[in-house]
Amino acid sequence: MTVSTPITALFFDIDGTLTSFKTSQVPASTRAAISACREQGIKASLATGRSPHEYEAVKKVLGMEFDGTVCMTGQVAYDERGYQRREPLDQGDVRLLLDYLKTHPETGVHFSELEYGYLNFLSPEAKKLYDSLKDTAPSAVIDDPYERTKTHELYQFSIYLTAERVVEVTGIFHHTRALRWHKDFADFIPADGGKDKGIAALLDSWGLKRENCMVFGDGENDIDMIDYAGIGVAMGNASDLVKSHADYVTSSVDEDGIYRALQHFGVLG
């Protein structure tokens, strides 16, 4: 199948899309496909829930150059010219989170600033995640959110809770929503935020249209961009919910899903 509208930009989630949850590596077919697309003049960028700080940890594993990066589920977007979008969390909601932690000190949280990320403590759930991500995970940093949030803006925080508890916690906030891409935690971002907003900022800065954009994802936090793009592709390892939003469901990351989808739509020459 060849798309009637030419594709000028590609955006890729990292975990479970570019990198395998089984091997923590990028399939050779994915590397070759992205390289071939960029040689054709198609922009290839990341759209991840990771912060810029966390992206540094996975950079060596990816081993590829990208034209732009959407971080923290769309709250930050930048390219070689600098930041094209930065939207921090509502300070009132940050204070509500800190109040919650005072009465629930056993709750593990990861706090994402623009250039720094830290945990309030290394909970068992957080350790499990860091261990599972292997070489793509940064070193765990512990810091004091009560002090740092006085002088540093937050762009995202991630709470290690079950899905049921996440619904309960989300109810305390006024301007923040939760998105999940991993069973052990949820990312919290501005209620009007999402990966689609970061992608839109980069496309606008490049003078490109959403209709000519193709995105790839596997988690709940990818649904916004899958709905937004001209073509939204869900990986075969995605949940049924994510797949229901996609224009096309490809094979899993471990079964050359990105290569197969780009070939299916005739993007690869």
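The structure displayed is predicted, hence computed values, not measured ones.
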Aromatic ring proximity, centroids under 6.0 angstrom, Tyr248 and His264
yes
Same apolar cluster (I L V M F W Y, side chains within < 4.5 Å links), Phe216/Val61:
yes
For a 4.5 angstrom cut-off between non-hydrogen side-chain atoms, does Ile42 reach Thr8?
no
Return yes if a side-chain donor-acceptor contact under 3.5 Å exists between Arg81 and Ser205, otherwise no.
yes
Note: Asn237 and Gly16 closest approach over all heavy atoms is ND2-O, 2.8 Å
Looking at every non-hydrogen atom in both residues, tell me the closest pair between Gly194 and Ile189 and how far apart they are.
N-CD1, 3.7 Å
For a quick check under 3.5 Å, do Asn120 and Tyr146 share a side-chain donor-acceptor pair by atom type?
no
Is the shortest heavy-atom distance from the side chain of Pro145 to the side chain of Leu98 under 4.5 Å?
yes
List the steps, then state whether side-chain contact (heavy atoms from CB on, under 4.5 Å) holds for Ile159 with Thr107.
CA-CA 7 Å; Ile159 304 183; Thr107 304; 3.5 Å; yes
In plain terms, say whether Arg177 and Asp192 are close enough for a salt bridge, that is, a side-chain N and a carboxylate O under 4.0 Å apart.
no
What about Val26 and Tyr55, same hydrophobic cluster or not, with Ile/Leu/Val/Met/Phe/Trp/Tyr joined at side-chain heavy-atom distances under 4.5 Å?
yes
Minimum-distance pair of heavy atoms, taken over all atoms of Leu89 and Val94:
CB-CG2, 4.1 Å
If we only count heavy atoms from C-beta on, is the Phe111 to Leu97 side-chain gap below 4.5 Å?
yes
Could you walk me through whether Leu262 and Val233 pass side-chain contact (heavy atoms from CB on, under 4.5 Å), step by step?
CA-CA 10 Å; Leu262 290 170; Val233 178; over 6 Å; no
Side-chain donor/acceptor pairs under 3.5 Å, residues 165-173, sequence neighbours excluded:
from	atom 1	to	atom 2	distance (Å)
Arg165	NH2	Tyr100	OH	2.7
Thr170	OG1	Val166	O	2.7

Can you name the nearest heavy-atom pair linking Glu87 to Pro190, along with the distance?
OE2-CB, 3.6 Å
What distance separates His175 NE2 from Asp90 CG, expressed to the nearest 0.5 Å?
4.5 Å
Check the angle between the aromatic planes of Tyr78 and Tyr83 and answer parallel, tilted or perpendicular using the 30° and 60° thresholds.
perpendicular
As a quick check of understanding, evaluate side-chain contact (heavy atoms from CB on, under 4.5 Å) for Arg86 and Gln75, giving each step before the final call.
CA-CA 6 Å; Arg86 289 187 294 181; Gln75 303 322 114; over 6 Å; no
Run Thr48 and Val58 through side-chain contact (heavy atoms from CB on, under 4.5 Å) and show every step you take.
CA-CA 11 Å; Thr48 177; Val58 76; over 6 Å; no
Evaluate side-chain hydrogen bond (donor to acceptor under 3.5 Å, both in side chains) for Tyr116 paired with Asp143, printing each intermediate quantity in order.
CA-CA 11 Å; Tyr116 182 66; Asp143 215 324; 2.7 Å; yes
Heavy-atom side-chain contact between Asp67 and Asp79 under 4.5 Å
no
Rounded to the nearest 0.5 angstrom, the CG-OG1 distance for Asp222 and Thr17 is 5.5 Å
Asp224 bridged to Lys197 by N-O distance under 4.0 Å
no
Pro27: what forms a side chain to side chain contact (heavy atoms under 4.5 Å, CB included) with it, not counting sequence neighbours?
Ser29, Thr30, Val253, Asp256
From CE (Met235) to CZ (Arg260), nearest 0.5 Å:
10.5 Å
Are His174 and Leu96 packed together at the side-chain level, in the sense that at least one heavy-atom pair is separated by less than 4.5 angstrom?
yes
Same apolar cluster: Tyr118 and Tyr155, side chain cutoff 4.5 Å:
no
Under 4.5 Å side-chain heavy-atom separation, chaining through any Ile, Leu, Val, Met, Phe, Trp or Tyr, what else clusters with Leu241? Say none if it is isolated.
Phe11, Val70, Ile199, Leu202, Leu203, Trp206, Leu208, Val215, Ile223, Met225, Ile226, Tyr228, Val242
Cys71 versus Ser51: any side-chain heavy-atom pair under 4.5 Å?
no
Measure the spacing between CZ of Arg95 and OG1 of Thr149 and express it to the nearest 0.5 Å.
9.5 Å
Which pair of heavy atoms, one from Leu101 and one from Val109, lies closest together, and at what distance?
CD2-CG2, 3.8 Å
Using the test side chain to side chain contact (heavy atoms under 4.5 Å, CB included), find all partners of Asp240 that sit at least two apart in sequence or belong to another chain.
Lys243
More than 12 heavy atoms of other residues, nucleotides or ligands under 6.0 Å from CD of Glu106: is that the case?
yes
Looking only at heavy atoms, which two atoms of Leu122 and Ala140 are closest? And how far apart?
CD1-CB, 4.2 Å
Determine whether Leu114 and Phe188 fall in the same hydrophobic cluster, where Ile, Leu, Val, Met, Phe, Trp and Tyr are linked whenever their side-chain heavy atoms lie under 4.5 Å apart.
no
Glu65 side chain reached by Arg38 side chain, heavy atoms, under 4.5 Å
yes
Criterion side-chain contact (heavy atoms from CB on, under 4.5 Å) against Gln156, the qualifying member of Arg50, Glu113, Met72
Met72
Which residues satisfy the side chain to side chain contact (heavy atoms under 4.5 Å, CB included) test with Glu255, sequence neighbours excluded?
Ser251, Ser252
Who are the side chain to side chain contact (heavy atoms under 4.5 Å, CB included) partners of Phe121, not counting sequence neighbours?
Ser123
Taking C-beta and beyond as the side chain, do Leu18 and Asp13 meet within less than 4.5 Å on heavy atoms?
no
Taking Arg180 first and then Asp187, would you say they form a salt bridge - that is, a charged N and a carboxylate O separated by under 4.0 Å?
no
Could you tell me whether the side chains of Asp93 and Thr176 share a donor-acceptor contact shorter than 3.5 Å?
yes
Same cluster or not: are Leu179 and Tyr160 linked, directly or through other Ile, Leu, Val, Met, Phe, Trp or Tyr residues, by side-chain heavy atoms under 4.5 angstrom apart?
no
Between Lys195 (side chain only) and Gly74 (backbone N and O only), is there a donor and an acceptor less than 3.5 Å apart?
no
